[in-house]
Amino acid sequence: MPLPYHQRTHNCGELRAQHIGQQVLLAGWVANHRDHKGMVFVDLRDRYGMTQLRFGDETPRVVLEEARRLRSEWCICVRGTVAHRGPGNVSPRFFTGELPTGEIEVVVQELEVLSESPPPPFDISDYTTAHEDIRLEHRYLDLRRPGLQRNFLIRHRVAKTLRDYFDAHGFVELETPFLTKSTPEGARDFLVPSRLHPGKFFALPQSPQLFKQLFMVSGFDRYVQIVRCFRDEDLRADRQPEFTQLDLEMSFVQAENVMAMAEGAIAAVFAAVLNYEIPRPIPRLSYREALDRYGIDRPDTRFGLELHDVSALAGQTEFAPFRQALEGGGVVKAIVAPDPGGKVLTRKTIDGLVEELRGIGAPGLPYTKVVTDEQGQLKVETGIAKHLGSVAPSLLDALSARPGDVVWFMPGPYASVCKYLAHLRQRLGQLLQLIPQGQWNFLWVIDFPLLEWDEQERRWSSVHHPFTAPHDADLELLFSDDSSRWGQIRSKAYDLVLNGIELGGGSIRIHRAEVQRRVFHVLGINDDEAQQKFGFLLQALRYGPPPHGGLAFGLDRIVMMLTGAASLRDVIAFPKTQRGTCPLTGAPSSVTEKQLAELFIRTIPPSK
RNA sequence: GGGGACGUAGCUCAAUUGGUUAGAGUACCGGACUGUCGAUCCGGUGGUUGCGGGUUCGAGUCCCGUCGUCCUCGCCA
């Protein structure tokens with residue numbers, strides 16, 4: 001029986017006890033049907049929620065029979081009357097808050113099947129256990145699930161909140177090109193062949209970095225954009241080849257101004273989505289201190305387990321790995337893990353951790369346990385205890401160790417020691433359940449080094465990017481010919497970290513030509529190369545550029561945090577698999593010889 | 001490019017040292033059922049064990065190759 005589906009009176013999430021007695025017209029999908037022959041229940045689902053339909057005594061016989069034919073995911077429209085379910089029949093999920101419509105039901109008088117559906121390849125509900133590949137192949141069905149829909153409603157709210165916030169602060173949303181010039185620095189580019197220019201290619205932008213600086217030269221003063229970025233690198237759970245950035249740039253500012261503006265934006269988002277007020281200002285930590293204390297430039301500060309430099313005391317031991325590390329200019333650092341009762345850090349667990357560390361390149365992981373002797377004095381036992389000898393007491397004192405603690409040591413070059421202990425710290429935090437849930441620990445990491453030595457390429461390279469301004473106080477180092485000190489130059493770069501995840505970062509840019517020239521020189525980029533790669537920016541920077549700086553947030557990661565999603569794929573509507581393919585469309589795919597010929601392209605099969 | 005886990009019914013999984021006709025739950029189909037709500041009960045259909053090769057009297061199981069998915073290191077200015 002045809003029904004005017006275009007005149008829905010309500011959605012499937014809004015009917016309550018107050019609507020009892022009203023005649024309503026609903027449309028949606030059959031989420032579930034329970035057939036009792038003389039009475040049929042259907043859970044009708046749309047993006048707003050779920051409402052129970054009842055086909056029973058008040059339903060015309062022919063409509064009841066039609067209802068018994070209904071199957072999952074059919075699209076239907078019904079007319080009926082809102083009724084209380086009756087005492088004892090109210091949904092248990094109404095009382096838990098899971099099903100706000102659970103007190104009422106719609107007693108159906110008329111039904112129209114708008115379209116039928118074969119049985120779906122997997123259960124369309126938040127209970128589904130289907131693997132991701134099958135879900136991605138039928139992503140349009142996967143996206144019917146309430147949990148995923150919630151993620152995208154949050155994503156929308158985040159974007160809307162950000163646009164409103166920046167609009168209110170005088171920012172202009174401006175677009176930048178997707179077909180642009182390849183920049184060999186940084187990540188691999190996705191290339192797009194030019195039909196009009198045989199043998200030449202556009203590149204999809206890794207970020208709108210250069211263009212937003214041009215906007216500053218143009219005088220737009222405050223630019224913002226929610227923009228897609230592309231990087232042809234290997235994927236991870238938190239990394240997609242195309243991802244979305246909230247990108248902004250401001251003129252006549254210093255780092256403080258950009259960070260304050262960014263804090264306000266993030267605070268607005270957390271308030272809008274979670275009704276959570278971020279304590280501000282967000283704490284700051286220098287890069288140096290972050291590495292010293294946590295071994296990583298994006299520490300999870302929800303728990304302690306900080307790293308201790310024990311080089312001085314380690315040097316007094318006869319333990320060969322310690323001595324070798326120190327003689328080679330390295331350090332010995334330690335991490336102390338409390339394990340009252342010794343229940344968690346068993347021999348097996350410890351061996352597992354050692355193996356795990358070995359997996360990321362660590363040579364070994366000496367440790368020892370702290371116990372008390374007969375006199376109640378602290379001493380070390382097992383592991384490398386005997387190698388610590390007489391140094392043990394001062395070591396335990398320096399580490400404020402307590403009975404039951406396990407102490408882990410890592411000797412070696414500073415950078416590797418940091419890397420391995422940072423990993424160990426995170427794992428210990430999980431194992432010992434030291435990471436409080438439901439806590440949001442924001443952190444600015446500032447004063448990044450401007451340059452780092454690239455051992456493979458045997459040259460200095462930018463930590464952030466070549467347009468990042470050095471600290472005014474470190475300009476002298478930059479212009480010094482003593483290249484051994486270039487690693488000490490601090491930059492005006494900043495990263496925002498949340499619970500150990502990097503949400504975004506930015507910097508104040510160089511706006512003085514001679515500083516930019518010097519940075520290129522230090523990076524080993526000569527004038528010709530600079531002109532070839534970034535000529536248009538350098539030209540622009542000749543014409544009265546304002547001092548400027550900005551920042552970019554990974555929008556997907558922010559939404560991931562807000563939704564609690566385990567993977568970026570759960571907050572991107574049509575994501576790629578880990579090998580960069582799309583099971584839904586089959587992309588990437590072969591193209592015809594004709595298409596290739598038109599683009600003057602010949603492909604070379606990969607060699608075995 | 002390296003390391004690891006996995007691939008068996010539409011879906012999620014099981015199958016003893018290599019041993020009879022590869023099972024279960026769910027979905028699906030049929031039946032019963034007027035207060036269910038991840039309905040229940042009864043019955044039934046459903047398999048190229050990812051693909052290719054090898055070892056063996058015999059392979060889901062062992063070996064080689066290959067494809068795919070996920071995690072991870074490298075990589076991601």
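Atom set for the values below is all heavy atoms of this structure, side chains included, hydrogens, waters and symmetry mates excluded.
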Enquirer: For the side chain of Gln578(A), starting at C-beta, report the closest nucleotide among G68(B), U36(B), U72(B).
Expert: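 Looking only at heavy atoms from C-beta outward on Gln578(A), the closest nucleotide is U72(B).
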Enquirer: With a 3.5 Å limit on both atom pairs, tell me what C41(B) is paired to, counting Watson-Crick and G-U wobble, or say none.
Expert: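 When the pairing criteria are applied, G31(B) turns out to be the nucleotide that pairs with C41(B).
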Enquirer: Between C13(B) and U8(B), how far is it from one P atom to the other, in whole Å?
Expert: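 Those two atoms are separated by 8 Å.
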Enquirer: Quick one: do Glu242(A) and Arg228(A) make a salt bridge, cutoff under 4.0 Å?
Expert: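 Looking at Glu242(A) and Arg228(A), the cut-off is met.
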Enquirer: Within this structure, what is the CZ-CZ distance for the pair Phe520(A) and Phe534(A), rounded to the nearest 0.5 Å?
Expert: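 Spacing of CZ (Phe520(A)) from CZ (Phe534(A)) equals 5.0 Å.
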Enquirer: Mind checking the CG-CG spacing from Leu26(A) to Asn11(A)? Nearest 0.5 Å is all I need.
Expert: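 Rounded to the nearest 0.5 Å, the CG-CG separation comes out at 8.0 Å.
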Enquirer: Please report, rounded to the nearest Å, how far the P atom of C70(B) is from the CG atom of Asp570(A).
Expert: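 Nearest whole value for this atom pair: 12 Å.
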Enquirer: Return the nearest nucleotide to the side chain of Arg34(A); candidates are G68(B), U36(B), C76(B).
Expert: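 From the listed options, U36(B) comes nearest.
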Enquirer: Could you check which nucleotide pairs with U20(B) in any of the strands shown, counting Watson-Crick or G-U wobble with both distances under 3.5 Å?
Expert: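 None - no nucleotide pairs with U20(B), as no candidate has both distances under 3.5 Å.
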Enquirer: Hey, what do you get for CG (Leu584(A)) to CD (Glu137(A)), rounding to the nearest 0.5 Å?
Expert: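 CD of Glu137(A) is found 8.5 Å from CG of Leu584(A).
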Enquirer: Looking only at atom C1', what distance separates A24(B) and G47(B), rounded to whole Å?
Expert: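 Approximately 14 Å lies between the C1' atom of A24(B) and that of G47(B).
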Enquirer: When rounded to the nearest 0.5 angstrom, what distance separates CD in Gln206(A) from CD in Glu233(A)?
Expert: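 The CD atom of Gln206(A) sits 8.0 Å away from the CD atom of Glu233(A).
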Enquirer: Over 60° means perpendicular and under 30° means parallel, so tell me whether His465(A) and Phe467(A) are parallel, tilted or perpendicular.
Expert: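 Rings of His465(A) and Phe467(A): tilted, 30 to 60°.
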Enquirer: From the list C33(B), A27(B), C37(B), which nucleotide is the closest neighbour of the side chain of Asp43(A)?
Expert: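 Nucleotide nearest to Asp43(A)'s side chain: C37(B).
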Enquirer: Let's go through Ser182(A) and Asp189(A) carefully: what are the C-alpha distance in whole Å and the side-chain angles of both, what is the deciding distance for side-chain hydrogen bond (donor to acceptor under 3.5 Å, both in side chains) to 0.1 Å, and is it a yes or a no?
Expert: CA-CA 7 Å; Ser182(A) 174; Asp189(A) 287 320; 2.7 Å; yes
Enquirer: When you look at Tyr223(A) and Asp247(A), which way does the side-chain hydrogen bond (donor to acceptor under 3.5 Å, both in side chains) test go after all the steps?
Expert: CA-CA 8 Å; Tyr223(A) 143 91; Asp247(A) 193 47; 2.9 Å; yes
Enquirer: For the P atoms, the ones on C11(B) and on G4(B), what distance do you get once it is rounded to whole angstrom?
Expert: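 Comparing P positions in C11(B) and G4(B) gives a spacing of 28 Å.
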Enquirer: What's the CZ-P distance between Phe55(A) and U36(B), to the nearest Å?
Expert: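 Spelled out: CZ on Phe55(A) to P on U36(B) is 18 Å.
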Enquirer: Does C71(B) have OP1 or OP2 under 4.0 Å away from a side-chain N or O of Arg569(A)?
Expert: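 Checking C71(B) against Arg569(A), a side-chain N or O does come within under 4.0 Å of OP1 or OP2.
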Enquirer: Using the C1' atom in both, what is the distance from U49(B) to G43(B), to the nearest Å?
Expert: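 One C1' to the other, the span is 27 Å.
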Enquirer: Considering Watson-Crick and G-U wobble pairs with both distances under 3.5 Å, what does C62(B) pair with?
Expert: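 The base-pairing partner of C62(B), which may sit in any strand shown, is G54(B).
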Enquirer: In residues 81-97 of chain A, which residues come under 4.0 Å of RNA chain B by heavy atom?
Expert: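 Residues of residues 81-97 of chain A that come under 4.0 Å of RNA chain B are, in numerical order, Arg85(A), Asn89(A), Val90(A), Ser91(A), Pro92(A), Arg93(A).
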Enquirer: Are Trp29(A) and Trp74(A) near enough that their ring centres are under 6.0 Å apart?
Expert: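 Between Trp74(A) and Trp29(A), which both carry aromatic rings, the centre distance is not below 6.0 Å.
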Enquirer: What does C6(B) pair with, Watson-Crick or G-U, if both distances are under 3.5 Å?
Expert: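 Across all strands, the one nucleotide that pairs with C6(B) is G68(B).
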Enquirer: C37(B) C1' sits how many Å from Met39(A) CE, rounded?
Expert: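 In whole Å, C37(B) C1' lies 13 Å from Met39(A) CE.
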Enquirer: Looking at Arg71(A), I'd like to know whether one of its side-chain N or O atoms comes within less than 4.0 Å of OP1 or OP2 on C29(B).
Expert: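 Yes, such a contact exists.
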Enquirer: Between atom CD in Glu233(A) and atom C1' in C75(B), what is the gap in whole Å?
Expert: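 After rounding, the gap between these two atoms is 5 Å.
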Enquirer: Take atom CD of Glu65(A) and atom C1' of U34(B), then tell me their distance rounded to the nearest Å.
Expert: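 One finds 14 Å between C1' of U34(B) and CD of Glu65(A), rounded.
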Enquirer: Give the rounded distance in Å between these two atoms: CD of Gln426(A) and C1' of C71(B).
Expert: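 Taking atom C1' of C71(B) as the reference, CD of Gln426(A) is at 16 Å.
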Enquirer: Is Lys37(A) close enough to U34(B) that one of its side-chain N or O atoms is under 4.0 Å from OP1 or OP2 there?
Expert: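 No, because none of the side-chain N or O atoms of Lys37(A) sits under 4.0 Å from OP1 or OP2 of U34(B).
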Enquirer: Searching all strands shown, indicate the nucleotide that pairs with G25(B) (Watson-Crick or G-U wobble; both distances under 3.5 Å).
Expert: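 Pairing partner: C11(B).
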Enquirer: Rounded to the nearest 0.5 Å, how far apart are CZ of Arg16(A) and OG1 of Thr101(A)?
Expert: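 So the CZ of Arg16(A) and the OG1 of Thr101(A) are separated by 6.5 Å.
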Enquirer: Give none if G74(B) has no partner; otherwise give the nucleotide forming a Watson-Crick or G-U wobble pair with it, both distances under 3.5 Å.
Expert: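 With both distances under 3.5 Å required, G74(B) matches none.
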Enquirer: Rounding to an integer number of angstrom, what distance separates U69(B) and G23(B) when you compare their P atoms?
Expert: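 Straight-line distance between the two P atoms is 31 Å.
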Enquirer: Could you go through nucleotides 1-3 of chain B and list every protein N or O atom that sits under 3.5 Å from one of its N or O atoms, giving the distance for each pair?
Expert:
residue: G1(B); atom: O6; partner: Asp234(A); partner atom: OD2; Å: 3.2

Enquirer: For Lys419(A) and for Arg54(A), locate the closest nucleotide of RNA chain B by heavy-atom distance; then report the residue assigned to the nucleotide nearer the 5' terminus.
Expert: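 Its nearest nucleotide lies further toward 5', so the answer is Arg54(A).
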Enquirer: Report yes or no: is the cationic atom of Arg288(A) (NZ for Lys, CZ for Arg) closer than 6.0 Å to the six-membered ring centre of Tyr414(A), at no more than 45° off its axis?
Expert: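 Ring-cation test returns yes.
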Enquirer: Does the separation of the ring centres of His36(A) and Phe41(A) fall below 6.0 angstrom?
Expert: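 They qualify: ring centres under 6.0 Å apart.
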Enquirer: Could you state the CD-C1' distance from Glu356(A) to A5(B), rounded to the nearest angstrom?
Expert: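 Whole-Å distance recorded here is 14 Å.
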Enquirer: In sequence, state the C-alpha distance, the side-chain angles, and the governing distance for Arg71(A) and His33(A), and then conclude on side-chain contact (heavy atoms from CB on, under 4.5 Å).
Expert: CA-CA 7 Å; Arg71(A) 290 296 179 272; His33(A) 58 103; 3.8 Å; yes
Enquirer: Looking at the base of C76(B), is there any donor atom on it, or on the side chain of Arg239(A), that sits under 3.5 Å from an acceptor on the other one?
Expert: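 Result: at least one qualifying N/O pair found.
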Enquirer: Which part of the nucleic acid, if any, lies within contact of Glu105(A), taking any heavy atom under 4.0 Å across all strands shown: a base, the sugar-phosphate backbone alone, or nothing?
Expert: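 Base, at least one base atom sits under 4.0 Å.
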Enquirer: Which part of the nucleic acid, if any, lies within contact of Thr581(A), taking any heavy atom under 4.0 Å across all strands shown: a base, the sugar-phosphate backbone alone, or nothing?
Expert: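 Since only primed, P, OP1 and OP2 atoms lie under 4.0 Å of Thr581(A), the category is sugar-phosphate.
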Enquirer: So which protein N/O to nucleotides 10-14 of chain B N/O distances come out below 3.5 Å?
Expert:
residue: G10(B); atom: O2'; partner: Pro121(A); partner atom: O; Å: 3.2
residue: C11(B); atom: O4'; partner: Pro121(A); partner atom: O; Å: 3.2
residue: U12(B); atom: OP1; partner: His131(A); partner atom: N; Å: 2.9
residue: U12(B); atom: OP1; partner: His131(A); partner atom: ND1; Å: 3.4
residue: C13(B); atom: OP1; partner: His131(A); partner atom: NE2; Å: 3.0
residue: C13(B); atom: OP2; partner: His131(A); partner atom: NE2; Å: 3.2

Enquirer: Contact class for Pro466(A) (heavy atom, under 4.0 Å): base, sugar-phosphate, or nothing?
Expert: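 Answer is base: heavy atoms of Pro466(A) come under 4.0 Å of a base.
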Enquirer: Contact class for Asp57(A) vs. all strands (heavy atom < 4.0 Å): base, sugar-phosphate, or nothing?
Expert: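 Touches a base.
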Enquirer: Which nucleotide in the set C76(B), A27(B), U72(B) lies at the smallest distance from any side-chain heavy atom of Arg231(A)?
Expert: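 When the side chain of Arg231(A) is considered, C76(B) is the closest of C76(B), A27(B), U72(B).
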Enquirer: Do Arg231(A) and Ser207(A) have side chains that get closer than 4.5 Å, going by heavy atoms?
Expert: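 Yes, side chains in contact.
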Enquirer: Can you check side-chain hydrogen bond (donor to acceptor under 3.5 Å, both in side chains) on Arg459(A) and Ser461(A), steps first, answer last?
Expert: CA-CA 6 Å; Arg459(A) 64 180 180 87; Ser461(A) 71; 5.4 Å; no
Enquirer: Between Tyr127(A) and His33(A), name the one whose nearest nucleotide on RNA chain B is closer to the 5' end.
Expert: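 In this pair, the answer is His33(A).
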Enquirer: Starting at atom CG of Asp35(A), determine the distance to atom P of U34(B), rounded to an integer number of angstrom.
Expert: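 Computing the Asp35(A):CG to U34(B):P distance gives 10 Å.
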Enquirer: Counting the atoms with a prime plus P, OP1 and OP2 as sugar-phosphate, which does Val463(A) contact under 4.0 Å by heavy atoms, base, sugar-phosphate, or nothing?
Expert: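 Sugar-phosphate contact only.
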